[in-house]
There are 2 protein chains.
Amino acid sequence: MTDTVPRPTLEAVAARAGVSRATVSRVVNGSDGVREPLAERVRRAVDELGYVPNQAARSLVTKRHDAIAVIVAEPETRVFADPFFARQLRGISKELTAHDNQLVLLLTEDRDDHARVGRYLAGGHVDGALVFSLHIDDPLPQLIQRAGLPTVYGGRPDWNGGQGGVAYVDSDNRGGARDAVRHLLGLGRERVAHITGALDQTAAVDRLDGFRDVMGGADPLLVAEGDFTPGGGERAMRLLLERCPSLDAVFAANDLMAAGALRVLREHGRRVPDDVAVVGFDDMLPIAEQTDPPLTTVRQDIEEMGRLMARRLLNDGAEPDGLILPTMLVRRASA
Amino acid sequence: MTDTVPRPTLEAVAARAGVSRATVSRVVNGSDGVREPLAERVRRAVDELGYVPNQAARSLVTKRHDAIAVIVAEPETRVFADPFFARQLRGISKELTAHDNQLVLLLTEDRDDHARVGRYLAGGHVDGALVFSLHIDDPLPQLIQRAGLPTVYGGRPDWNGGQGGVAYVDSDNRGGARDAVRHLLGLGRERVAHITGALDQTAAVDRLDGFRDVMGGADPLLVAEGDFTPGGGERAMRLLLERCPSLDAVFAANDLMAAGALRVLREHGRRVPDDVAVVGFDDMLPIAEQTDPPLTTVRQDIEEMGRLMARRLLNDGAEPDGLILPTMLVRRASA
DNA sequence: GTGAAAGCGCTAACAT
DNA sequence: ATGTTAGCGCTTTCAC
């Protein structure tokens, strides 16, 4: 790494402005109590020297870092196959930026990474953590709790978080699923099937619960387990068609699977929505708009979710409980 | 932000091990020259206390941060509509992790952000920068150069970078485009059209150049400008169909536009590939595999690109020149 | 080989 | 209102 020219220090600015370091520090940090003529002199010196505070030195004494870690635990490539991740990141980034915080991204794929992340968090580089994509039984939360950092989870964790519970932000997966199924029922459909997501993620479980809320004790053969991938959606759709050829509607736990289902339906000569109506979940563009026919789906505001996670963390609004964002049914041609 | 328990310091470890701080420091940093019995005592003390070095204190003296900034300049939402971004990030993350470096993500959308980023880089928080998604005339490179940080660009920048040139990693856009067009010609197609990307990005320009390398002075009406979005692909395809109803092949500068073109073609009753053969660029899954018919396209290894960028930066292999990665034609059903 | 001591650049009491 | 001073926790000469 090429050496960078030594940057001016507080001392240098103080000398140039003919004041003490403390005064410069006050001006730089916007602390009041420096009279105008002086403050102005300092500001000029700062400009002339191109002074920028050394963050390491500052952190050393303040014990703050103005940085938070975003941890995405995703061993599979799933995250990278959809824009979800990028959207949340963007929401987070916006909020963090507004509060002058930096975003340190920690991507983890396997156990080794977990240890590394644990060490990093314990190392006191960041003021808090935002955590995503947890699967049931993920060891990460324990590591994080041990590090004793304020943390907000993205998506309802599967464990209660002990005494105080845990701070998280999630979409109203269950309510959204109910809306989807009710919409199908409202269309006059009678045999509504469901393709679940990977059931080791709470989002999948919650959407399944929503489906059941409305369908009650419907034929269990109308539920097929998927995994949130297009391939999984295809397999599940084939299975459903085999088990219940008479089905007239499908609610898939995400758009990717709905797209897969659409293909299988076409392959089997079923017209959508005439023969079978299809609803997805996410409103993930460009998927939802590009399917044939365009997908009716449940929209969740991913970016807002990211923003709110960051906001809670920064406000120490990280009160240990869940914040649930509303979803919205978006009608297109598939149902 | 809840206060975190004070963590043990070097001093504490030294006391517990009955040695000096200097010795502990040596052991912790793997410096040789500490005899075995002692070293072991220190290691035990570290474990027992759960000591983790304070990075701020360390940086203060070493002036290194073991962190690099990844800057994604993307005012539009394009990045977020495709998995490109996430893939590159993943490659970078892997490489960085292997070298015990952290990834600080800087997302920028507008001019204000640029100033912020400039300040951040100048602030000496990171040891280097990786920069993406530049558009022609982007002011960012200047800011970065002024900060004097080692930098590697993702994708060929449009400016020479002055004296020494500039370090970057890019796919062989031009060569890939040539392969695509030759493939079409090899299929016996005679009127090959091209839908370009946003021509303020070098990737789009290079792909267009590749097209022209092969097609020579073909009818200029066979080239329509797109913008890398599906909508842009649709518009361009309509235009092309209008101008040259006899076209029998299309090379789109990315898969998203190819998908749009496919829809328009179908809408106009042209069969693919029988009437019109279509080739995309990127091999962006799940897009390329999910279109109807699945897309023949030019694959670029995005993750590898990210990895190499990081590697060059860390090795100070940031020699000021370009590294071009090969592309590969992937045949599916559309051509 | 090991320890003592001098800072790195900054903030925050405490004086004045 | 401004300056003086004592560290923050670590690495790194320099003695021993």
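By convention in this document, chain letters (A, B, ...) are assigned in the order of the sequence lines, proteins followed by strands, and residues within each chain are numbered from 1. For clarity, every value in this text was computed on a predicted model and none was experimentally measured.
Not a single donor-acceptor pair under 3.5 Å links the side chain of A:D127 to the backbone N or O of A:R64. Judged by distance alone, the side chain of A:N101 and the main-chain N or O of A:H99 form a donor-acceptor pair under 3.5 Å. In this structure a side-chain-to-backbone donor-acceptor pair under 3.5 Å is present from B:D170 to B:R156.
Scanning for side chain to side chain donor-acceptor pair (under 3.5 Å) contacts around A:E48 gives A:R16, with sequence neighbours left out. The ring-ring contact (aromatic ring centres under 6.0 Å, His included) check on B:H114 picks up nothing, with sequence neighbours excluded.
A salt bridge does not link B:E304 to B:K94: none of the charged nitrogens lies less than 4.0 Å from a carboxylate oxygen.
For the side-chain contact (heavy atoms from CB on, under 4.5 Å) with A:E95, the qualifying choice from A:E303, A:R307, A:R90 is A:R307, the only one to do so.
Sequence neighbours left out, the pairs with a member in residues 49-62 of chain B that pass side-chain hydrogen bond (donor to acceptor under 3.5 Å, both in side chains) are B:N29-B:R58.
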Take B:V34 and B:V42 through the test side chain to side chain contact (heavy atoms under 4.5 Å, CB included) and record every step on the way to the result.
CA-CA 10 Å; B:V34 177; B:V42 171; 5.7 Å; no
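Shown for residues 35-49 of chain B: residues whose heavy atoms fall under 4.0 angstrom of DNA chain C, namely B:R35, B:L38.
Helix-axis bend for the helix from C:dG1-D:dC16 to C:dT16-D:dA1: the local axis fitted to the five terminal pairs at one end deviates from that at the other end by 40°, rounded to 10°.
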Which nucleotides of nucleotides 8-16 of chain D have their base under 4.0 Å from a protein heavy atom (B), which only their sugar-phosphate (S), and which neither (-), written as one string 5' to 3'?
BBBBBB---
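Side-chain contact between A:Y120 and A:L106 is present, with at least one heavy-atom pair separated by less than 4.5 Å.
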